[in-house]
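Just follow the structure's listing: the first ligand is 1, and inside any ligand the first atom is 1. As the structure is a computational prediction, the values presented were derived from the model and not from experiment.
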Amino acid sequence: MTSEVNSEQAEWWNAAGEGWANAQQVVDLVLRPFEELLAQKALERPRDRVLDVGCGTGAVTRAIADALGDGPECVGLDISRTMIAGAAQRGKVRFVLGDAQVHTFDETFDLVVSRFGVMFFDDPAAAFRNLLRATTPGGELCFITWRSAEENTFMTTAQRASAPFLADTPPPDPSGPGPFSLADADRTRELFEQSGWSGIVIEPVDRVCTMPEELLVPYLSNLGPISRALKAAQEADRPRIISEVRGAFDEFVHGDEVRIPAACWQITGQAL
Ligand SMILES: C[S@@+](CC[C@H](N)C(=O)[O-])C[C@H]1O[C@@H](n2cnc3c(N)ncnc32)[C@H](O)[C@@H]1O
């Protein structure tokens, strides 16, 4: 079923999906430490069926399928048509278009994972309840989400560097849908407990994500606020914008490598 309640987010991610698809290889390279973490988690026990929520173009779904080998089915669910269109199906990997908050699943899963795909619900408690309904009793969740904006300065640098080139945008509501909506661990624990999940553990996970320096501009140009600033600009102004925003990222460049400290939570829990 493809009913949808988060239509603003769907619109947002349909537009963003084009950039993500263009930059898919570099995004997957940068976020690989979290792909590896979730694939390791999948290997902790035998699995029958795994769900990847907000799977984007599906790198984590495919990595888990590869780690588990023949047998378990891996399903990626995403609200964005453009993301799902860019997700390559193969073997026992399947991608489904749907809003995780209300999607009616035809099957249940014994592991539900997400890499940065569960912070965008207008009613997170309802979404986590819906995911609990989709989980086999005894099954587990493992979600990777961002800690605060203050601890993730690469992301705040992108916001700051693009601000002069974007028409006034209201400051994001930190508790509304957005990358940092689960940053407050106490509130997040309450949300999961209210939704009926048991044994919730929220642990800090810190990784340094890397990419070759020559991929920094393609990365910035396709993702987040800088890609929106470039889209909004006249063609002739784009090279100047790119060179100005690139300068703001010097502190992350070490020789020919970009290093991005990523401050995250790993949220785990069980369905009883
Ligand atoms: C930051 S991206 C992460 C994509 C992917 N997990 C990865 O790590 O490459 C967030 C993803 O969540 C998806 N998303 C946002 N709201 C959603 C919802 N209500 N249901 C399903 N997917 C959603 C977006 O379309 C987007 O693909």
Residues [X] and [Y] bridged, charged N to O under 4.0 Å:
X      : Y      : value
Glu35  : Arg62  : no
Glu36  : Arg32  : no
Arg90  : Asp66  : yes
Arg49  : Glu73  : yes
Arg187 : Glu190 : no
Asp52  : Arg94  : no
Asp206 : Arg147 : yes
Arg47  : Glu140 : yes

Protein contact of [atom] - nearest heavy atom, named by residue and atom, plus distance:
atom                    : result
atom 11 (C) of ligand 1 : Gly54 O, 3.6 Å
atom 20 (N) of ligand 1 : Ala100 N, 2.9 Å
atom 8 (O) of ligand 1  : Arg115 NE, 2.5 Å

Identify, by atom number and element, the atoms of ligand 1 in contact range of [X], meaning under 4.0 Å from any of its heavy atoms.
X      : result
Phe116 : 1 (C), 2 (S), 3 (C), 10 (C)
Asn6   : 19 (N)
Ser80  : 25 (O)

Is ligand 1 under 4.0 Å from a heavy atom in the side chain of [X], in the backbone, in both, or in neither?
X     : result
Cys55 : backbone
Asp99 : both
Trp20 : side chain

Sub-4.0 Å heavy-atom contact, [X] with ligand 1:
X     : answer
Trp12 : no
Gly98 : yes
Met83 : yes

Discussion item. Quick test of your reading of the structure: of Ile79, Thr57, Leu38, whose heavy atom lies closest to atom 23 (C) of ligand 1?
Written reply: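 Minimum heavy-atom distance to atom 23 (C) of ligand 1 goes to Ile79.
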Practice prompt. May I ask you to check whether Asp78 has an N/O atom sitting below 3.5 Å from an N/O atom of ligand 1?
Written response: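 Yes - when backbone and side-chain N and O of Asp78 are compared with those of ligand 1, one distance drops under 3.5 Å.
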Worksheet item: Once the angle between the rings of Phe116 and Trp146 is folded into 0 to 90°, is it parallel (under 30°), tilted (30 to 60°) or perpendicular (over 60°)?
Response: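 Correct class here is parallel.
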